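Chain naming here is simple, since letters A, B, ... match the order of the sequence lines and numbering starts at 1 in each. All values reported here derive from a predicted model rather than from experimental measurement.
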Amino acid sequence: ETGVTQTPRHLVMGMTNKKSLKCEQHLGHNAMYWYKQSAKKPLELMFVYNFKEQTENNSVPSRFSPECPNSSHLFLHLHTLQPEDSALYLCASSQQTGLAQETQYFGPGTRLLVL
Amino acid sequence: SQQGEEDPQALSIQEGENATMNCSYKTSINNLQWYRQNSGRGLVHLILIRSNEREKHSGRLRVTLDTSKKSSSLLITASRAADTASYFCAAGGTSYGKLTFGQGTILTVHP
């Protein structure tokens with residue numbers, strides 16, 4: 001256990017559905033991240049939040065909408081997704097972005113399938 | 001530009017053998033990290049080496065860093081079947097501490 005939990009672990013949704021992914025960290029960290037992991041591609045950073053403020057949006061389509069109500073919780077709201085959005089979505093946290101040496105702690109991921 | 005490209009893409013060895021994975025990156029780094037991922041799971045941090053360090057050990061892991069060649073290697077000694085996983089290097093940038101991951105090496109250790 002890394003101290004980062006994600007729900008649900010698996011999600012199947014149609015292209016017209018709206019769903020949300022949830023991430024919670026119990027480590028007292030101030031930075032949280034969303035990554036997308038597709039087959040045969042490097043891990044892609046999507047969003048970064050630092051002290052609840054979004055500090056990075058890596059040109060992510062607007063059908064992905066993040067929300068960070070506090071430093072412990074991070075959501076990814078999904079709507080009108082495409083089949084190519086099917087992937088493993090990983091949440092991570094770290095002490096704080098901008099520190100010289102940052103180790104990230106990852107959740108187990110949500111396996112998303114868009115039909 | 002992409003950082004952290006691993007080589008080889010896949011490695012298959014017998015238990016007890018050593019496994020060496022290499023990583024190259026393109027721009028200046030603050031640190032280089034290695035992570036492990038079991039199939040379909042989250043990543044687990046293994047070891048971090050700072051840009052001013054050349055070698056670091058942790059248990060059966062040995063990491064080297066050559067900043068002049070912009071490369072790093074991860075050596076797992078006396079491998080076990082439980083070491084079967086994907087291994088990723090991640091370059092820690094100098095600006096925000098953001099990590100850029102490579103595509104990973106899939107290691108299979110046969111009992």
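Taking a 6.0 Å sphere around NZ of Lys52(A), one finds it holds 12 or fewer heavy atoms contributed by other residues, nucleotides or ligands. Counting non-hydrogen atoms of other residues, nucleotides and ligands closer than 6.0 Å to CZ of Arg80(B) gives a total of 12 or fewer. Within 6.0 Å of atom CD in Glu17(B), more than 12 heavy atoms from other residues, nucleotides or ligands are found, so the atom counts as buried in its surroundings. Heavy atoms of other residues, nucleotides or ligands lying less than 6.0 angstrom from CD1 of Ile13(B) number more than 12.
Residue contact with chain B, scored on non-hydrogen atoms closer than 4.5 Å, involves the backbone and the side chain of Leu43(A) alike.
Using modelled atom types, one side-chain atom of Gln33(B) and one backbone atom of Glu102(A) make a donor-acceptor pair closer than 3.5 Å.
Note on Cys91(A), Pro108(A), Gly109(A): by heavy-atom pairs under 4.5 Å with chain B, the leading option is Pro108(A).
Rounded to the nearest 0.5 angstrom, Tyr35(A) OH and Leu43(B) CG are separated by 9.0 Å. Note that the CG atom of Leu45(A) and the OG1 atom of Thr100(B) stand 8.0 Å from one another [nearest 0.5 Å].
Both Leu32(B) and Val63(B) sit in one connected hydrophobic cluster of ILVMFWY residues. Membership requires side-chain heavy atoms under 4.5 Å apart, directly or through other members. In the hydrophobic clustering of ILVMFWY residues, with side-chain heavy atoms under 4.5 Å counting as a link, Ile76(B) and Ile49(B) come out together. By the rule that hydrophobic residues join a cluster once side-chain heavy atoms approach within less than 4.5 Å of another member, Tyr105(A) and Leu99(B) end up as members of separate clusters. Using a 4.5 Å cut-off between side-chain heavy atoms of Ile, Leu, Val, Met, Phe, Trp and Tyr, with links allowed through other members, Leu46(B) and Ile29(B) fall into the same hydrophobic cluster. One hydrophobic cluster holds both Met32(A) and Val60(A) under the rule that ILVMFWY side chains link at heavy-atom gaps under 4.5 Å.
Taking every heavy atom of both residues into account, His45(B) and Thr103(A) meet most closely at CG-CG2, 3.2 Å. The nearest pair of heavy atoms linking Leu88(A) to Gln37(B) is CD2-NE2, 3.8 Å. Looking at every heavy atom in both residues, Gln103(B) comes nearest to Pro42(A) through CG-CG, 3.4 Å.
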For this session: Give the C-alpha distance, both sets of side-chain angles, the deciding distance and a yes or no for side chain to side chain contact (heavy atoms under 4.5 Å, CB included) between Phe88(B) and Gln37(A).
Result: CA-CA 12 Å; Phe88(B) 296 87; Gln37(A) 188 176 33; 3.6 Å; yes

Problem set entry | CA sep, side-chain torsions, deciding dist, call: Glu44(A), Phe101(B), side chain to side chain contact (heavy atoms under 4.5 Å, CB included) | CA-CA 8 Å; Glu44(A) 298 173 59; Phe101(B) 288 82; over 6 Å; no

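Within residues 68-77 of chain A, no residue has any heavy atom under 4.5 Å from a heavy atom of chain B.
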